[in-house]
Amino acid sequence: MAKKANLGSAWPVIDSGEFRHTIFLMEPTIESDPIAGAIGKYALVNPPVTAQVKIDYMRGAEVFKSGQDISQVFVNMTGWFRAQFNPGCHVQTNDGDEFIVQYVENVKRMNTYMVLSCIGFGLND
């Protein structure tokens, strides 16, 4: 009788003990200012949509735009799959840092866990 080769588990494997950060989904809102008029901003969605993630800092870059020196931080956030997190959405960490999701990887297209490739803006210290 022939032995079957052990090709490993078909399910993606992840260490959920590394999910130490909470992220919150944000949505665009309009606020009014007496001088500037309508201002587009982002606020936390209500009711809150959260995910526990691991954050891996990939790289940082200094970018010069319109005479301004801007720091950009690129990170990957890995957590259990949530369909609400899509490319282009904004997320905020529990310490107030904000990120724009550039790409969502649905690992093996099995809706088990996701990797959000994000770019940070603001202080993000």
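Note that the numbering runs from 1 along the sequence shown for the chain.
Met114 and Val45 end up in the same hydrophobic cluster when Ile, Leu, Val, Met, Phe, Trp and Tyr side chains are linked at under 4.5 Å. Linking ILVMFWY side-chain heavy atoms closer than 4.5 Å, directly or via other members, places Val49 and Val91 in a single hydrophobic cluster. Note on Leu44: it does not cluster hydrophobically with Phe85, by side-chain heavy-atom contacts below 4.5 Å among ILVMFWY residues. Placement of Val101 and Tyr57 within a single hydrophobic cluster is found when ILVMFWY residues are connected by side-chain heavy-atom separations under 4.5 Å, directly or transitively.
Between Phe24 and Asn94, the closest side-chain pair of non-hydrogen atoms falls below 4.5 Å. Within the 4.5 Å cutoff, side-chain heavy atoms of Phe74 are placed close to those of Ile119. A heavy-atom distance below 4.5 Å is found between the side chains of Val75 and Phe99. Residues Ile23 and Thr50 have side chains not in contact (no heavy-atom distance under 4.5 Å, counting atoms from C-beta outward). Put simply, the side chain of Thr93 does not reach to within 4.5 Å of the side chain of Thr22, judged on heavy atoms.
Here Ile30 contributes atom CD1 and Ile39 contributes atom CD1; the two are 9.5 Å apart, rounded to the nearest 0.5 Å. For the atom pair Asp97 CG and Ile55 CD1, the distance stands at 8.0 Å (nearest 0.5 Å). Separating the OH atom in Tyr42 from the CD atom in Glu27 is a distance of 10.0 Å, to the nearest 0.5 Å. Rounding to the nearest 0.5 Å places CE of Met26 at 10.5 Å from NZ of Lys41. Here the CG atom belonging to Leu116 is positioned 9.5 Å from the CG atom belonging to Asn86, to the nearest 0.5 angstrom. His90 contributes atom NE2, which lies 10.5 Å from atom SG of Cys118 (distance to the nearest 0.5 angstrom).
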- [ ] Evaluate the criterion side-chain contact (heavy atoms from CB on, under 4.5 Å) for residue pair Tyr113 and Ile14; output intermediate values, then yes/no.
- [x] CA-CA 8 Å; Tyr113 74 92; Ile14 190 167; 3.4 Å; yes
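Paired with Val53 under the rule side chain to side chain contact (heavy atoms under 4.5 Å, CB included), one option of Met77, Arg82, Arg20 passes, and it is Met77.
Side-chain contact of Gln102 with Ser117: a donor-acceptor pair under 3.5 Å is absent, judged by distance alone.
Using the six-membered ring where Trp is involved, Trp80 and Phe19 have ring planes that are perpendicular, over 60° apart on the 30 and 60° scheme.
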